[in-house]
Number of protein chains: 2
Amino acid sequence: MSKASHLKDIGLKATGPRLTILELFENSETRHLSAEDIYRKLLSDEVDIGLATIYRVLTQFEQAGILVRHHFESGKAVYELNQGGHHDHMVCVGCGTVTEFFDPEIERLQERIAKQHGFAIQDHSLYLYGECAECQSRRAPGKR
Amino acid sequence: MSKASHLKDIGLKATGPRLTILELFENSETRHLSAEDIYRKLLSDEVDIGLATIYRVLTQFEQAGILVRHHFESGKAVYELNQGGHHDHMVCVGCGTVTEFFDPEIERLQERIAKQHGFAIQDHSLYLYGECAECQSRRAPGKR
DNA sequence: AGCCTTTATGATACAGAGAATCACCGCACC
DNA sequence: GGTGCGGTGATTCTCTGTATCATAAAGGCT
Ligand SMILES: [Zn+2]
Ligand SMILES: [Zn+2]
Ligand SMILES: [Zn+2]
Ligand SMILES: [Zn+2]
């Protein structure tokens with residue numbers, strides 16, 4: 001009953017859709033999922049949850065700190081399980097693969113710049129867009 | 001006739017709306033403007049340019065390299081004059097003020113991380129969100 | 001300048017992501 | 001097992017931004 005009680009702790013009833021979506025994140029190969037991704041995945045699993053519910057649950061989970069939301073250039077928001085460690089993202093414009101990274105030096109420099117301007121950082125977003133190693137060799141197989 | 005010939009060089013006719021929008025950017029106090037911002041500003045100046053035209057012209061100017069587009073968390077795209085130097089942005093969640101900054105060290109570290117993953121960066125976006133100095137003292141006048 | 005072809009404009013319709021509505025449903029507590 | 005309140009899902013609405021299309025205006029040519 002860990003999952004159900006976790007939901008109750010944050011004031012959310014342990015309903016079918018919520019547990020299903022939470023489990024989907026825990027068992028998914030791809031960490032970063034959009035509302036549409038989740039909707040399609042559930043449909044292919046014969047689970048029928050309305051798109052409105054998915055949007056609602058994702059928002060609630062984000063506010064509860066269970067999920068973290070990101071906005072890549074794709075235009076649609078993606079969510080991932082909040083497992084404590086902050087990290088930033090590299091997005092391949094070829095295949096869409098998302099790679100996570102964390103650089104304490106960059107984090108420190110951001111704080112330093114903010115301090116220089118008397119700015120109190122609450123949040124930040126750093127996305128690198130480009131071509132992953134696979135997509136590069138796929139486009140120029142000879143090179144390397 | 002510098003502006004007009006500049007437009008012609010990139011294959012765009014030097015029309016009224018295009019010149020007006022370009023001049024608006026050059027004379028604006030605020031560097032970062034959304035389509036809606038421009039539309040309202042022009043309306044208050046008794047200039048009537050359709051919103052569709054503004055969106056179209058902004059897209060063309062971005063493709064021509066005259067403007068650079070950014071997506072802050074606000075949800076709407078903002079544009080600024082492309083004056084050569086790349087920079088990143090700090091956005092105040094209180095008053096919306098945008099502060100620009102450039103840190104060669106952060107840029108270098110991004111490249112290093114990409115290289116470590118065999119990733120070829122084409123573009124990146126770094127936004128810091130928080131409270132500017134003014135908004136902080138406005139909320140807590142005693143402190144400082 | 002006046003004509004003519006090409007491109008631009010602007011009103012409006014359309015699209016896509018996501019939030020709001022609201023009647024119905026089902027979990028939790030008794 | 002009833003009852004009430006929160007949850008659900010079909011649908012509608014909102015908000016950015018794009019596509020359409022008839023009309024207008026650039027700019028090259030004479
Ligand atoms: Zn790739
Ligand atoms: Zn991540
Ligand atoms: Zn501020
Ligand atoms: Zn800027």
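The chains referred to below are lettered A, B, ... by the order of the sequence lines, with proteins before strands, and numbering in each begins at 1.
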Salt bridge flag under 4.0 Å for residues R112(B) and D103(A): yes
If you count heavy atoms of other groups shown closer than 6.0 angstrom to CZ of R40(B), is the number above 12? no
Touch class at under 4.0 angstrom, heavy-atom based, for L51(B) against every strand present: nothing
Quick one: is Y55(A) getting a side-chain N or O under 4.0 Å of the dA19(C) phosphate, OP1 or OP2? no
What is the distance, to the nearest angstrom, from the CG atom on L43(A) to the P atom on dG9(D)? 11 Å
Atom-pair distance (CG on D48(B); P on dT9(C)), nearest Å: 14 Å
When rounded to the nearest 0.5 angstrom, what is the spacing between CG in L7(B) and CD1 in I66(B)? 5.5 Å
When we call it a touch if two heavy atoms are under 4.0 Å apart, what does A35(A) touch: a base, just sugar-phosphate, or nothing? nothing
Salt-bridge test for E131(A) and R139(A): reply yes if a basic N is under 4.0 Å from a carboxylate O, no otherwise. yes
Check the distance between dT16(D)'s P and E62(B)'s CD and give it to me in whole angstrom. 19 Å
Nearest-angstrom distance from the residue atom CD1 of I49(A) to C1' of dC25(C): 15 Å
Which nucleotide in the set dG17(D), dA8(C), dA20(C) lies at the smallest distance from any side-chain heavy atom of A52(A)? dA20(C)
Hey, which of these two, G11(B) or Y39(B), hits DNA chain C nearer its 5' end, going by closest nucleotide? G11(B)
Consider the side chain of K13(B), meaning its heavy atoms from C-beta on, and name the nucleotide among dG27(D), dA10(D), dG26(C) that approaches it most closely. dG27(D)
When only distance counts, do a donor and an acceptor, one from the side chain of R56(A) and one from the base of dG18(C), lie under 3.5 Å apart? no
Taking atom P of dG17(D) as reference, at what distance in whole Å does atom NE2 of H70(B) sit? 14 Å
State which of dT9(C), dG17(D), dG9(D) makes the closest approach to the side chain of K76(B). dG17(D)
Could you tell me whether the side chain of L128(A) reaches within less than 4.5 Å of the side chain of Q110(B), counting heavy atoms only? yes
Which of dT12(C), dA8(C), dG7(D) is nearest the side chain of L12(A)? It is dG7(D)
Please give, in whole Å, the distance from dT11(D) C1' to I54(A) CD1? 16 Å
Using the side-chain heavy atoms of A14(A), tell me which of these nucleotides is nearest: dG18(C), dG10(C), dA28(C). dA28(C)
Does K8(B) or T53(A) map to a spot on DNA chain D nearer the 5' end, using the closest nucleotide for each? T53(A)
Side-chain N or O of R18(A) closer than 4.0 Å to phosphate OP1/OP2 of dT8(D): yes
For E73(B) and dA17(C), give me the distance from atom CD to atom P, rounded to whole Å. 17 Å
Using heavy atoms to find the nearest nucleotide of DNA chain C for Y79(A) and T15(A) separately, return the residue whose nucleotide is more 5′. Y79(A)
Give the rounded distance in Å between these two atoms: CD of Q60(A) and P of dG6(D). 13 Å
Over 60° means perpendicular and under 30° means parallel, so classify the ring planes of H70(A) and H87(A), tilted if in between. tilted
